[in-house]
There are 2 protein chains.
Amino acid sequence: MSETLVLDRLDDWRRSHDCGALRASDVGSEVCLMGWAQFRRDHGGLIFIDLRDRGGLTQVVFCPEGSAEALERAHVLRTEYVLAVKGRVRPRPEGMANPGMPTGEIEVEITEFKLLNTAATPPFPIEDRIDASELLRLKYRYLDLRRPKLAGNLILRHHAVQSIRRYLDGLGFLEVETPVLTRSTPEGARDFLVPSRINNGSFYALPQSPQLFKQLLMMSGFDRYYQVVKCFRDEDLRADRQPEFTQVDIEMSFVDEEQIMGMAENMVRTMFKEAMDIALPDVFPRMTYADAIRDYGLDKPDVRFGLKLVDVTEVVRGSQFQVFAKAELVKGIRVAGGAALSRKEIDDLTEFVKIYGAKGLAWIKIKEGEWQSPFAKFLSDEERAGLAEAFGLEVGDIVFFQAGAAEMVNTALGYLRIQLGERFSLIPEGSFAPVWVTDFPLLEYDPEAKRFAAKHHPFTAPQSGHLEKLAEAPGQALSRAYDLVLNGNEIGGGSIRIHDRATQKAMFAALGIEDQEAEDKFGFLLKALEFGAPPHGGIAFGLDRLIMILAGAKSIRDVIAFPKTQKAMCLLTDAPAGVSAGQLRELGIKLRSRDKDKDKA
Amino acid sequence: MSETLVLDRLDDWRRSHDCGALRASDVGSEVCLMGWAQFRRDHGGLIFIDLRDRGGLTQVVFCPEGSAEALERAHVLRTEYVLAVKGRVRPRPEGMANPGMPTGEIEVEITEFKLLNTAATPPFPIEDRIDASELLRLKYRYLDLRRPKLAGNLILRHHAVQSIRRYLDGLGFLEVETPVLTRSTPEGARDFLVPSRINNGSFYALPQSPQLFKQLLMMSGFDRYYQVVKCFRDEDLRADRQPEFTQVDIEMSFVDEEQIMGMAENMVRTMFKEAMDIALPDVFPRMTYADAIRDYGLDKPDVRFGLKLVDVTEVVRGSQFQVFAKAELVKGIRVAGGAALSRKEIDDLTEFVKIYGAKGLAWIKIKEGEWQSPFAKFLSDEERAGLAEAFGLEVGDIVFFQAGAAEMVNTALGYLRIQLGERFSLIPEGSFAPVWVTDFPLLEYDPEAKRFAAKHHPFTAPQSGHLEKLAEAPGQALSRAYDLVLNGNEIGGGSIRIHDRATQKAMFAALGIEDQEAEDKFGFLLKALEFGAPPHGGIAFGLDRLIMILAGAKSIRDVIAFPKTQKAMCLLTDAPAGVSAGQLRELGIKLRSRDKDKDKA
């Protein structure tokens, strides 16, 4: 096995170039390269190896002209062995140049080499076209990260973050670190807790965001703050979430929405340009929350394509079709050419919308001379005419409907719209469509808790005069919050904050947080608001998702070096893991036995 | 109370300048400033306010020429109220210019102002000369951070980190984020644990450093990695430690010590120059671990002053003075002019060395014609002559001795030396003396566990041929580790790592880690070493301490925005805190009752 080979020491060998650097103009140079044997081929008694490092690939040749002794020793070399080579750059023989490779005009004739390490056969080949399961690749993440595509995502991430920092530094933002071991924060998701050994029975919480610390920094007069910072949410992981994620967190003093949004959109524009040479629009369009819901069903509209939702509630009110007759809201989406969808495809879409609480999916295919539909027979001529006009129906179209509670209708159709956009290839490849969503409701109704809760968080300022609306029409009060949406993903969100104690107390009261609870949870903030807080606001970007979009990756796991699975496990290190009884004792905790739990339940 | 005042809205007012920007050349301009009322004085019917923001102070004047209405309204203004003002820049009256203030030639005649917030009287004055207790200042940290000195430390920290990033980015280092929720790491201190809700009974550990992840990144071919990253140690907090601290973490592939040390010292030199305009030496001196212990007693020698330790073991071997006679090691420090120390001062120094395990402190004062000392009478003439020569004794000197086990002697005298350097003002103000310490022992003896443990960590490479010494003379094997020491503080440390599996296994064996334990704890590393790890090494800097030295601060708490106390508590937010029974139940843990503990103990 490989370990029986004796490895050479690096001694004082030093690289002269990386493996992507050499060109025809280097012919004749003596060079020293180090890297991995990507590929070996033996031909005419010679050994050719493509040597790989972060910079690229260079073909090196073991041959008698270079060193017969090196050629002899080179027979042990295998894929992924680690080498240091010295040699002379020479042109590739006539007709052997490889124009698809930056170093393709040259090769290096080896005069001397060191075997720095051997390698067992990897469990999957190190190449971009790969069909190994993601679970296997996560276990051997260090090998998966050798693939140029995955490594490229992380290099892109580095450059994107550099660009963001440069931009913010240039505007006088200060990066200030805030605590990781802190107090439960008010974002509303579940906290990760850290038992304290020194203060048994007490727990730190890992921050869901540095929200209150950045507000306190504004109260300290730091004026412009940013941080690229890990945040934590102990949530049940949906498709593409991570328990720890990275946020670009920003706060400014003495500003209103315009200045924050202007700064933020310019930051994103600059980053796209610098990191990927992608030009985003000079001015990002804006849309109110109400308009986003009306036209797209979602508050993160993907505006790269049409298929807008159409409200036909009034058209079908009192219809013979009972599903429509008394519904709070009836909306539809018309898809040109959609009448070609098969029954199976429609069934799949029906299953899809059920995820969002829909009971089914009503549809009408517009055929020559007839409307094909399970329920068209219940529609009056007047209703048909109304629908035809509302949707601008033509032969070959399909229309999908949802009817019922407004939120369900919008959500189900909003996500159906995305599905249809993909199914009908309506989303232009490589296009980027940012849009600001503004004028969010201050509160949203939580049907489980049967009360209103803050839509963003309880520190978001109400719009001028809207605090007063909270008492009689809490659902209609608007906030000074804004989200930046890109291709249907919320990539950033923020708000102007409440900066005076009276408003903050009124807000807590509106949320049904009693004085004592407010004092217990946020007493330090209320206290801080007594001492001259400046007007301030900010924004936070989800870096992982932003990079994912920038890189054209399918999952945020592809832009994180060591991600966790949907079960929040690290397959590489096997975290989380059991710990010793002694450790638990020191922390003043013990495991709850499952049986006992059942007894109590 | 202040809340009864109605606050103005910012509306579309925008700052034209910060409060440190205006000069004589701006006279006549219309400006808009925003900030805090630092100081108010009424004079001749006018109201003068020094308005403060991050940029500095500007004197603004409420006067009838500017706006009689603003002057009238200005009577409510108090210290720390937040204002937005509009007005005209005018020269200060003849003889009233303040040359000590960058904006001292001008003042702003107010035409209009908004009251943005009121402020209660702060619990301590916002000024650099402050005698409020640190506990009070930590509770009101947001007010303490308004003090220019403390804010200045954090601004310096920002610039220092910017400089470091620029330097590393320029050399092609990639910043890669590593997990915070991870597996117990091998630094040897206690881990903070995070119970997993999804995997009840399992725990994440917060990283003590990203050591293994950065090594894995080298195995992935990332070549040059860095990260400015939070690390965590659940230790009993000595004088100036924090449970979470920030590390500048660096790793390189295909390099030896020289390249890492060269890169690192240039990084520190560049940072000192860019952030504070301090010139460090062009080449940092180097010292072996053995020499550092010999001359300074400590492996973090403060080389800003002399007072080197002198080994006189042989001179006094077999002395009548029993303490010296058979001691493993006898060393002394000569202090020129030290004979003037009082008995009380010597008693205090004696108490001091007892912290480090000394039983007492032997001393001799060299007086005209006699040696004053509790034990000089036991010394033979030959011994006296030997000591006089070894120390180069002169009248007026004092010599302090320690005798006994080598480690105690060196440690006690090493710290005594620092005390003496301070007492005798031998440490030049504002001087910076970096020194590399090299050739560390690979292992160190742990007297409690009665076995050898890794001096740095078990991934540190042995020097060439020293792996073979481990079996017969484990204390003599040297490692490829290096520390960077500045003014007696270890600011950075690193090593060349073991990059082949056979050596790593041999190292685990030498540390008494059995195969199964090695597999359980570090199986993923051993596995990774099978697939072609490149030679690599790195270094990590303790950022907090580095900034503390750079800023001339007395404590790392003064360079951290929201630090914790020695009891690991945040007095601002009251973390850690109790949590609900429901939270604990979800995490599958419960509190250990103290009484039960006693029963079991």
Side-chain angles (χ1 to χ4, degrees), chain A residues 3 7 10 15 34 36 54 80 82 116-117 119-120 142 145-146 158 174-176 179-183 192 194 196-199 201-204 216 219-221 223 230 234 244 254 256 500 502 524 528 530-535 561-562 567-568 572-573 575-577 579 588-592, chain B residues 3 7 10 15 34 36 54 80 82 116-117 119-120 142 145-146 154 158 174-176 179-183 192 194 196-199 201-204 216 219-221 223 230 234 244 254 256 500 502 524 528 530-535 561-562 568 572-573 575-577 579 588-592:
Chain A
E3 281 183 42
L7 302 182
L10 191 60
R15 280 184 289 186
M34 301 186 191
W36 286 261
R54 200 179 95 194
E80 298 305 316
V82 187
L116 300 176
N117 217 341
Y142 46 89
L145 284 172
R146 286 186 192 169
H158 167 77
L174 296 174
E175 186 165 27
V176 180
V180 176
L181 295 171
T182 183
R183 177 126 188 195
F192 281 104
V194 183
S196 167
R197 180 180 55 83
I198 297 178
N199 308 285
S202 290
F203 293 76
Y204 302 98
L216 291 171
M219 298 176 202
S220 296
D223 213 294
K230 279 278 175 74
D234 185 11
E244 58 181 291
F254 299 114
D256 58 25
D500 73 285
F524 65 99
E530 288 181 19
F531 295 106
F562 301 103
K567 293 219 150 185
L572 169 63
T573 61
V579 298
I589 59 173
K590 51 186 171 181
L591 298 183
R592 175 178 293 270
Chain B
E3 282 183 41
L7 301 183
L10 192 59
R15 280 184 290 187
M34 301 185 192
W36 286 261
R54 200 179 95 193
E80 299 304 317
V82 187
L116 299 176
N117 216 340
Y142 46 89
L145 284 171
R146 287 187 191 169
L154 292 174
H158 167 76
L174 296 175
E175 186 165 28
V176 181
V180 176
L181 294 171
T182 182
R183 177 126 186 194
F192 281 104
V194 183
S196 167
R197 179 179 55 84
I198 296 178
N199 308 285
S202 291
F203 293 76
Y204 303 99
L216 291 171
M219 298 175 202
S220 297
D223 214 294
K230 279 280 175 75
D234 185 13
E244 59 181 291
F254 300 115
D256 59 24
D500 72 285
F524 64 99
E530 288 181 20
F531 295 105
F562 301 102
L572 169 63
T573 61
V579 298
I589 59 173
K590 51 185 170 180
L591 298 185
R592 178 177 291 271

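Throughout, protein chains are lettered first and strands after them, A, B, ... in sequence-line order, and every chain is numbered starting at 1. Hydrogens, waters and symmetry mates play no part in the numbers below; they use all other heavy atoms, side chains included.
Heavy atoms closer than 4.5 Å to chain B are found in the side chain of A:V176, but not in its backbone. Heavy-atom distances place both the backbone and the side chain of B:L216 under 4.5 Å from chain A. Only the side chain of A:P535 has a heavy atom closer than 4.5 Å to any heavy atom of chain B. If you measure heavy-atom distances from B:V194 to chain A, the contacts under 4.5 Å come from both the backbone and the side chain. Contacts between A:L10 and chain B at a heavy-atom distance below 4.5 Å involve the side chain alone, from C-beta outward. Only the side chain of B:S196 comes within contact range of chain A, judged by heavy atoms closer than 4.5 Å. Interface remark: A:I198 contributes side-chain atoms only to the contact with chain B (heavy atom separation under 4.5 Å).
Considering every non-hydrogen atom in both A:P576 and B:N199, the closest pair reads CG-ND2, 3.7 Å. The two atoms that bring B:A119 and A:G532 nearest to each other are CB-N, 3.7 Å, heavy atoms only. The nearest pair of heavy atoms linking A:L145 to B:S220 is CB-OG, 3.4 Å.
Among A:D500, A:V579, A:D256, A:L181, the residue with the largest count of heavy-atom pairs under 4.5 Å with chain B is A:L181. The most heavy-atom pairs under 4.5 Å with chain A, out of B:H158, B:M34, B:K230, come from B:H158. When B:R197, B:E80, B:M219 are compared by the number of non-hydrogen pairs under 4.5 Å with chain A, B:R197 comes out ahead.
With respect to B:D223, the salt bridge (charged side-chain N to carboxylate O under 4.0 Å, His left out) criterion is satisfied by exactly one of A:R15, A:R54, A:R146: A:R15.
In this structure, CD in A:E175 is found 12.0 Å from CG in B:L154, a value given to the nearest 0.5 Å.
Ring-plane geometry between B:F531 and A:Y142 is classed as tilted, the angle between the planes lying from 30 to 60 degrees on a 0 to 90 degree scale.
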